[in-house]
Amino acid sequence: VNENFVKTIELGGELEISRKAEIREALQRSNEDRAVLVDLSEATYADSVALTELLRFCVEAQRDSVSVALLICTPQLARVVQYAGLAAAFQTFDDRNAALKYLSERVAR
Amino acid sequence: VSGASELRLRCPAQSRNVAPIRHALAAFLEALQFDRSLRDDVTTAAGEALANVVEHAYACSGERSGRDLTLLARVARGGKLCVDVSDRGSFLRRKPLPGRGFGLRIIRAIAGRMRIDTSRGTCVSMTFRTATRRSKS
């Protein structure tokens, strides 16, 4: 899978209220980005503050026709997305290659 | 730690204190032999209640002192796990905004029962079913 066209943003550890500014700072993209992989594979926890930041990023990207995929590998994160009722709002994957394949197909359209 | 134990923590309502309280709650639940999945869910729900205190409880308060939060966790009769998160601030009843308000939604999805008492500050009382508690061996 060609990763060159995809910007990757890695967020790890506990994504929670005390890191709100750091999360917002990390979730940035440039005008050239056509697809973004938000790699949460090393994240062990996310609260609603972090989810709100992720949702804001995804909504703004969608508005600008930029595709976003979230790589989620921990059960807690997968469950909290469901609990928040955000399963339909995010494109989530537990496999990096599957996420990149999705993004490459979106960019090719 | 026994089934009759309780965990009571009080600290300033600051964002840097939320994670340490969650970690202490997780350790308490582990000592009580609750399984990993339940521990994660309970600490997630408690984390949302704690974050709500930090973000909203004292937002309209001019008073600088007494801005604290309290967490009380205990196993109640019948084996139910109860977690209360309380503050001495004001409860703001807001019109739901798009893209906000996930915290209470997460708590409701996890806790078998949630009650909000705003008579003296705000107390969010959560009750969790504990069927997945590990047996002691």
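All chains are named by letter (A, B, ...) in the order of the sequence lines, taking the proteins before the strands, and each is independently numbered beginning at 1.
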**Q** For B/Ile106, is it the side chain, the backbone, both or neither that has a heavy atom under 4.5 Å from a heavy atom of chain A?
**A**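 It is both, since atoms from each part get that close.
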**Q** Is A/Arg34 atom CZ crowded by more than 12 heavy atoms from other residues, nucleotides or ligands, each under 6.0 Å away?
**A**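 No, because the 6.0 Å sphere around CZ of A/Arg34 holds 12 heavy atoms or fewer from other groups.
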**Q** Taking all non-hydrogen atoms of both residues, which atom of A/Glu14 and which atom of B/Ala19 are closest, and how far apart?
**A**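 So the two residues come closest at OE1-CB, 4.0 Å.
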**Q** Does atom CZ of A/Arg56 have more than 12 heavy-atom neighbours, drawn from other residues, nucleotides or ligands, at distances under 6.0 Å?
**A** yes
**Q** Assess whether atom CZ of A/Arg63 is packed by more than 12 heavy atoms of other residues, nucleotides or ligands within 6.0 Å.
**A**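 For A/Arg63, atom CZ is crowded (more than 12 foreign heavy atoms under 6.0 Å).
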**Q** Is any side-chain heavy atom of B/Phe102 less than 4.5 Å from a side-chain heavy atom of A/Leu55?
**A**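 Of all side-chain heavy-atom pairs linking A/Leu55 with B/Phe102, at least one is under 4.5 Å.
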**Q** Should the heavy atoms of other residues, nucleotides or ligands under 6.0 Å from CG of A/Asn31 be counted, would the total exceed 12?
**A** no
**Q** Report the C-alpha distance between B/Glu55 and A/Val49 in whole Å, list the side-chain angles of each, state the deciding distance to 0.1 Å, and finish with yes or no for side-chain contact (heavy atoms from CB on, under 4.5 Å).
**A** CA-CA 10 Å; B/Glu55 280 201 305; A/Val49 174; 4.1 Å; yes
**Q** Does the side chain of A/Arg19 reach to within under 4.5 Å of the side chain of B/Ser15, using non-hydrogen atoms?
**A** no
**Q** Group every Ile, Leu, Val, Met, Phe, Trp and Tyr by side-chain heavy-atom contacts under 4.5 Å, then state whether B/Leu72 and B/Leu50 land in the same group.
**A**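 B/Leu72 and B/Leu50: separate clusters.
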**Q** Check step by step if side-chain contact (heavy atoms from CB on, under 4.5 Å) holds for A/Ser48 and B/Arg105.
**A** CA-CA 9 Å; A/Ser48 60; B/Arg105 194 184 297 176; over 6 Å; no
**Q** So, taking the atom named CD in A/Glu16 and the one named CD in B/Glu48, what distance separates them when rounded to the nearest 0.5 Å?
**A**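 Spacing of CD (A/Glu16) from CD (B/Glu48) equals 10.5 Å.
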**Q** Do other residues, nucleotides or ligands put more than 12 heavy atoms under 6.0 Å from the CG atom of A/Asp94?
**A**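 Open: at most 12 neighbouring heavy atoms sit under 6.0 Å from CG of A/Asp94.
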**Q** Among B/Asp41, B/Asp40, B/Val54, which residue has the highest count of heavy-atom pairs closer than 4.5 Å to chain A?
**A** B/Asp41
**Q** Is it the side chain or the backbone of B/Thr43 that comes within 4.5 Å of chain A heavy atoms, both, or neither?
**A** backbone
**Q** Within 45 degrees of the axis of the six-membered ring of A/Tyr45 and under 6.0 Å from its centre: does B/Arg22 put its NZ or CZ there?
**A** yes
**Q** For atom CD of A/Gln62, decide whether the heavy atoms of other residues, nucleotides or ligands shown that lie under 6.0 angstrom number more than 12.
**A** no
